[in-house]
Student: 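Sharing a structure here in structure tokens format.
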Amino acid sequence: MWGKRRIFALYLYAYAHMEKIYIETYGCQMNFADSEVVGSILGKAGHSLATSVDEADFVLINTCAIRDNAEQRVRHRVRELRALQGRNRRLRIGILGCMAERLQSRLMAEEDNVSLVCGPDAYRRLPLLLEQVRDGQRGAEVELSTTETYADIEPVRLASNGISAYISIMRGCQNYCSYCVVPYTRGRERSRDPQTIVAEARDLFDKGYREVTLLGQNVNSYSFAQEVAGVKEDSVGFPELMERVASIDPQLRVRFATSHPKDLSDALLEVMAAHPNICRCIHLPVQSGSNRMLKAMNRKYTVEWYLDRVDAIRRYMPDCSITTDVIAGFCGETLEDHEATLELFRRVRYDYAYMFKYSQREGTYAAKHMPDDIADEEKTRRLNEIIALQGQIALENNRKEVGREYEVLVEGESHRSKERLFGRNSQNKVLVFDRGDAVPGTYRRVKVTDCTAATLLGELADIN
Ligand code: 5AD
Ligand code: SF4
């Protein structure tokens, strides 16, 4: 049998060889959710998580590849970390996520201070990769999977406020929008077992969380069929999944992102309307207001279809906010196409929009077959026009909110003043208000008294 001293020595040996790891995340909500899965996998393997780069032996950067500027930001960070490596020779760098998948070992050839590259479906192999690096090698794992959903992994809630959390319900995308790199970096679409999703949401609620956001690249095509004794049962679709999660407790708010307009069904809107705790906010990326561009983008819907979905949302839930993504200056976009986008913005009157310049991504259909023919300055000009219009619309929308009262989930102190708190209403608008006796993690009624284009200002309306 092993003596106590031997076990202690082994423990010390293992401890001395376990890295302290700092995870840095760039990009979309999905990446933030993935970093929490990574944290959990590393914790189980005996590693500890550092709270800053300074105390870390290993920095893992979870990256985004959606536009060139997202990649340039990561490249810049890798070079910045080189200086730190000069001072701390033990410090190693690993690249995770979409950029790792896109560039694979090319990334290590280009950035010689990177020791490890790991794609989004290979995180279970991270502990092995770390061991490899410890043995003096560099390692890359980038195989994509058709089945991996990390369903059994309980994410560690990194940088969480203990109130709201992300739950990843599906992975990958196979819509192949012609501009988009995601189908290549995140692989085929696959849905996670609904039982594990509901269990995760219930567990969060029991721990005091009051809001979950169900995440997927295209949540409306969520579909999971269990196989029992080799026979597939009826599949669970997104409306049914929402129904199940929303039924956990009326005090648990449920959000979701992202919806593809082609798949936004009335069945989902019905479920939403029936459950007041499903938040009145739908993110519905339009990308362009021109049918010609939508066809070139392979979006599989028309402006008329999109507007019909917007009408349906407002029919079922007149108080629902709608947000979007849009791309300015896609291949072959004429001034007429651009004007059609502005016109669509005037029609829909979004509450918020993420607005981008087209960025050509290697390997996509557009990069292979469509010239990136709008000059950069012209893309910027069109983008700025959309931004200005949207700013005006958001401000006008917010002005209409003055005088209304909302239930707000209090999240924490306002960044500007300790005397004020902030929270969100069901429509996902941020409300800032005098603290009074309000406590983060609870629901309070707040009356809107003033606004900016981004924020509603208010006062507690339910003070005793
Ligand atoms: N260039 C610019 N924006 C893009 N998006 C996706 N790919 C590109 C690209 N190549 C935008 C889309 C998408 C959002 C997440 O990013 O608007 O909805
Ligand atoms: Fe990219 Fe289109 Fe899939 Fe969204 S739906 S991730 S834009 S391919």
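In each ligand, atom 1 is the first atom listed, and ligand 1 is the first ligand listed.
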Student: Is it true that the side chains of Tyr406 and Glu401 contain a donor and an acceptor less than 3.5 Å apart?
Tutor: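 Present: a donor and an acceptor within the cut-off.
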Student: Output the distance between atom CE (Met30) and atom CZ (Arg171), rounded to the nearest 0.5 Å.
Tutor: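 Reported to 0.5 Å precision, the distance equals 5.5 Å.
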Student: Enumerate the pairs of nitrogen or oxygen atoms, one from ligand 1 and one from the protein, separated by less than 3.5 angstrom; state names and distance to 0.1 Å.
Tutor:
{"from": "ligand 1", "atom 1": "1 (N)", "to": "Ser359", "atom 2": "N", "distance (Å)": "3.0"}
{"from": "ligand 1", "atom 1": "3 (N)", "to": "Arg67", "atom 2": "NH1", "distance (Å)": "3.2"}
{"from": "ligand 1", "atom 1": "5 (N)", "to": "Arg67", "atom 2": "NH1", "distance (Å)": "3.4"}
{"from": "ligand 1", "atom 1": "10 (N)", "to": "Tyr179", "atom 2": "O", "distance (Å)": "3.1"}
{"from": "ligand 1", "atom 1": "10 (N)", "to": "Ser359", "atom 2": "O", "distance (Å)": "2.7"}
{"from": "ligand 1", "atom 1": "16 (O)", "to": "Arg67", "atom 2": "NH1", "distance (Å)": "2.9"}
{"from": "ligand 1", "atom 1": "17 (O)", "to": "Gln287", "atom 2": "OE1", "distance (Å)": "2.6"}
{"from": "ligand 1", "atom 1": "17 (O)", "to": "Gln287", "atom 2": "NE2", "distance (Å)": "3.4"}
{"from": "ligand 1", "atom 1": "18 (O)", "to": "Gln287", "atom 2": "NE2", "distance (Å)": "2.8"}
{"from": "ligand 1", "atom 1": "18 (O)", "to": "Asp325", "atom 2": "OD2", "distance (Å)": "2.6"}

Student: Is any side-chain N of the basic residue among Arg82 and Asp112 closer than 4.0 Å to the acidic one's carboxylate O?
Tutor: yes
Student: Tally of protein N/O/S atoms under 2.8 Å from atom 2 (Fe) of ligand 2?
Tutor: 1
Student: Compute whether any side-chain donor of one residue and acceptor of the other, for Gln360 and Tyr358, lie under 3.5 angstrom apart.
Tutor: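 Side chains of Gln360 and Tyr358: no pair found under 3.5 Å.
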Student: Quick check against the 3.5 Å criterion: does Asp372 have a side-chain atom that pairs as donor or acceptor with the backbone of Ser359?
Tutor: no
Student: Mind telling me whether Tyr354 and Phe356 have parallel, tilted or perpendicular rings, with 30° and 60° as the class edges?
Tutor: parallel
Student: Looking only at protein heavy atoms, which one is nearest to atom 7 (S) of ligand 2, and how far off is it?
Tutor: Tyr179 OH, 3.4 Å
Student: For His415 and Phe422, take the angle between the two ring planes, folded into 0 to 90°, and tell me which bin it lands in: parallel under 30, tilted 30 to 60, perpendicular over 60.
Tutor: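 If you compare the ring of His415 with that of Phe422, the planes turn out tilted.
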Student: Can you confirm whether some protein heavy atom lies under 4.0 Å from atom 2 (Fe) of ligand 2, or whether none does?
Tutor: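 When distances to the protein are checked, atom 2 (Fe) of ligand 2 has a heavy atom within 4.0 Å.
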Student: Do the charged groups of Arg382 and Asp337 touch, with an N to O distance under 4.0 Å?
Tutor: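 Between Asp337 and Arg382 there is no salt bridge, as every charged N stays at least 4.0 Å from the carboxylate O atoms.
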Student: Between Gln217 and Asn175, is any side-chain donor less than 3.5 angstrom from a side-chain acceptor?
Tutor: no
Student: Using only heavy-atom distances, determine whether the side chains of Asp34 and Asn62 contain a donor-acceptor pair under 3.5 Å.
Tutor: no
